[in-house]
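Everything on this sheet refers to the single structure shown next.
Chain identifiers are assigned alphabetically (A, B, ...) following the order of the sequence lines, protein sequences preceding nucleic acid strands; residue numbering begins at 1 within each chain.
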There are 2 protein chains.
Amino acid sequence: MKGYGQFCPIAKASEILTERWTPLILRELICGSTRFNDLRRGVPLMSTALLARRLKSLEEQGVIERRPLPSGRGADYLLTDAGRELEPIVMAMGEWGARWARSRLTEDELDPALLLWDIHRQARPENFPPGRTVIAFEFTDVPAVRRQWWLVSERAEGSVDLCATDPGFEVDLFVSATIRAMTAVWMGERSLEAALAAEDIELAGPSVLCRSFGAWLGLSAFAAVPDRRGA
Amino acid sequence: MKGYGQFCPIAKASEILTERWTPLILRELICGSTRFNDLRRGVPLMSTALLARRLKSLEEQGVIERRPLPSGRGADYLLTDAGRELEPIVMAMGEWGARWARSRLTEDELDPALLLWDIHRQARPENFPPGRTVIAFEFTDVPAVRRQWWLVSERAEGSVDLCATDPGFEVDLFVSATIRAMTAVWMGERSLEAALAAEDIELAGPSVLCRSFGAWLGLSAFAAVPDRRGA
DNA sequence: CAGTATCCGATGCGATACTG
DNA sequence: CAGTATCGCATCGGATACTG
């Protein structure tokens, strides 16, 4: 059986919202991703086949609109009015999760690609110095293939790009950290200052950049939500 | 794979909230049901085995508390603090559903048992006349076994009970209706007046009771939400 | 880059029966 | 009334390969 066989609006909404992965796809759309491969980066453990199926399903349900690109290849996936009204629900789920179901940051949840994808999306170019700024991340405790990442801010273009391979530019700031420490800071579990003091995160570069690191890094949207488990 | 393998609080919340049937179980708890068989009536298409499993799972996740009855048999299922904080999310889902995913009231969604379970729960005893009031429902277009229902208000006890078999009391008000008309009125799709005028709902009894029918019947919590599909 | 096609395995879930 | 126990199927979804 597919649906719930109930006329109740909660049941009807659940038939759409509670399909596996759907809230996470909505999160990606809410955060501003519109292209298939960008969405994919936000749900790396989801197969492309399933993502495509879900997008099609969400389109049929009127939550998103698939707008083919002028080039004829690919498309933008955009929230409809209905989809945009799901934002408060998805965000409320996140807030509830932060309060009552916080991640214990188990091994399998520590993923540099996902973490930096989050960080790069939140990073505000206007907080970076003028011109191009390149920040190199090295995660000391992950396998070589996922160890190094580059964040490239081009203030003129107002863009912050994430690279998994060396873009070749001169690096302005080196960040060396354990994936756990960087994730904990991002999630608001630890302060950046504490992680720096413990040398779980180390910075190398001009002191002006080191000092502004915290400013442009920002934090997860839910970092400020207090943990209430056990309260 | 069970979870989503992401530290994101939306993902963590989704692991709990988006299991099949879970939002509907929460709805029942929010509406005040605490006993296994009451919860069951709210999700009649769910197997008892699965309901039991979900309740256990929700207990482990800290959303509900299972409090065995003093009698030693059975238990009350109560929302914890965490569970109570899910209420705005579940209700927001309902509101979204009422706006953007309204039921078309297809055959399989028209269920007298579920409709009257909703109605009886919403019915406020204080709106009934003093003493005992018995309302008999007859759904003219459903099979004989589910055709007749009795709503018994005992104002002294402040209770409204729902019976699928004749409780034997004298009936004060007879309501005869199609299941579709009664459901449409309950859901706010049609006005009671229109359904009465079209004789899709007919009342028989003292005129004072007939006139107050609409008052104590009430409407679904989402009846007032405007349909925005196609807008 | 932006998906589609196919296959197969796990398991979620519904049905039914049973128990104190 | 308040659940357990068992079983078997369907289907969901993950993996892999492929395409314009």
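B/L45 has its CG atom 17 Å from the C1' atom of C/dG12, to the nearest Å. When rounded to the nearest whole Å, the span between CZ of A/R20 and C1' of C/dG12 equals 12 Å. The CG-P distance, from A/L69 to C/dC1, rounds to 13 Å in whole Å. In this structure, A/W21 atom CH2 and D/dG13 atom C1' are separated by 10 Å, rounded to whole Å. With rounding to whole Å, B/L51 atom CG is found 11 Å from C/dG14 atom P. Atom-to-atom, CE of B/M46 to P of C/dT16 comes out at 17 Å; the value is rounded to the nearest Å.
Between the side chains of B/R124 and B/N127, not a single donor N or O lies within less than 3.5 Å of an accepting N or O. A donor-acceptor contact under 3.5 angstrom links the side chains of B/T34 and B/D76, judged on distance only. Under 3.5 Å, the side chains of A/E65 and A/T80 contain no donor-acceptor pair of N or O atoms.
Under 4.0 Å is where a charged nitrogen must lie from a carboxylate oxygen, and between B/R41 and B/E28 no such pair does. For the pair A/R180 and A/E107, the salt-bridge criterion is met [side-chain N within less than 4.0 Å of a carboxylate O].
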Practice problem: For DNA chain C, produce a single dot-bracket line, 5' to 3'. Pairs: Watson-Crick or G-U wobble, both distances under 3.5 Å. Symbols: ( ) within strand, [ ] crossing, | other strand, . unpaired. | Solution: ||||||||||||||||||||
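Of the candidate nucleotides C/dG20, D/dG14, C/dG14, C/dG14 has the atom lying nearest to any side-chain atom of B/S47. Checking D/dG14, C/dC13, C/dA15 against the side-chain heavy atoms of B/L50 singles out C/dC13 as nearest.
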Every protein N/O within reach of nucleotides 3-5 of chain C N/O, cut-off under 3.5 Å:
from: C/dG3; atom 1: OP1; to: A/R66; atom 2: NH2; distance (Å): 2.4
from: C/dG3; atom 1: OP1; to: A/Y77; atom 2: OH; distance (Å): 3.1
from: C/dG3; atom 1: OP2; to: A/Y77; atom 2: OH; distance (Å): 3.2
from: C/dT4; atom 1: OP1; to: A/K56; atom 2: NZ; distance (Å): 3.1
from: C/dT4; atom 1: O4; to: A/T48; atom 2: OG1; distance (Å): 3.0

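With B/S57 contributing its side chain and B/R53 its backbone, the two residues share no donor-acceptor pair below 3.5 Å.
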Self-check item: Stepwise salt bridge (charged side-chain N to carboxylate O under 4.0 Å, His left out) test for B/K12 and B/E15
Solution: CA-CA 5 Å; B/K12 302 304 287 182; B/E15 290 176 10; 3.8 Å; yes
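Residue-environment remark: CZ (A/R67) stays at or below the threshold of 12 foreign heavy atoms within 6.0 Å.
Among A/E157, A/E154, A/E170, the one residue that satisfies the side-chain hydrogen bond (donor to acceptor under 3.5 Å, both in side chains) test with A/R132 is A/E154.
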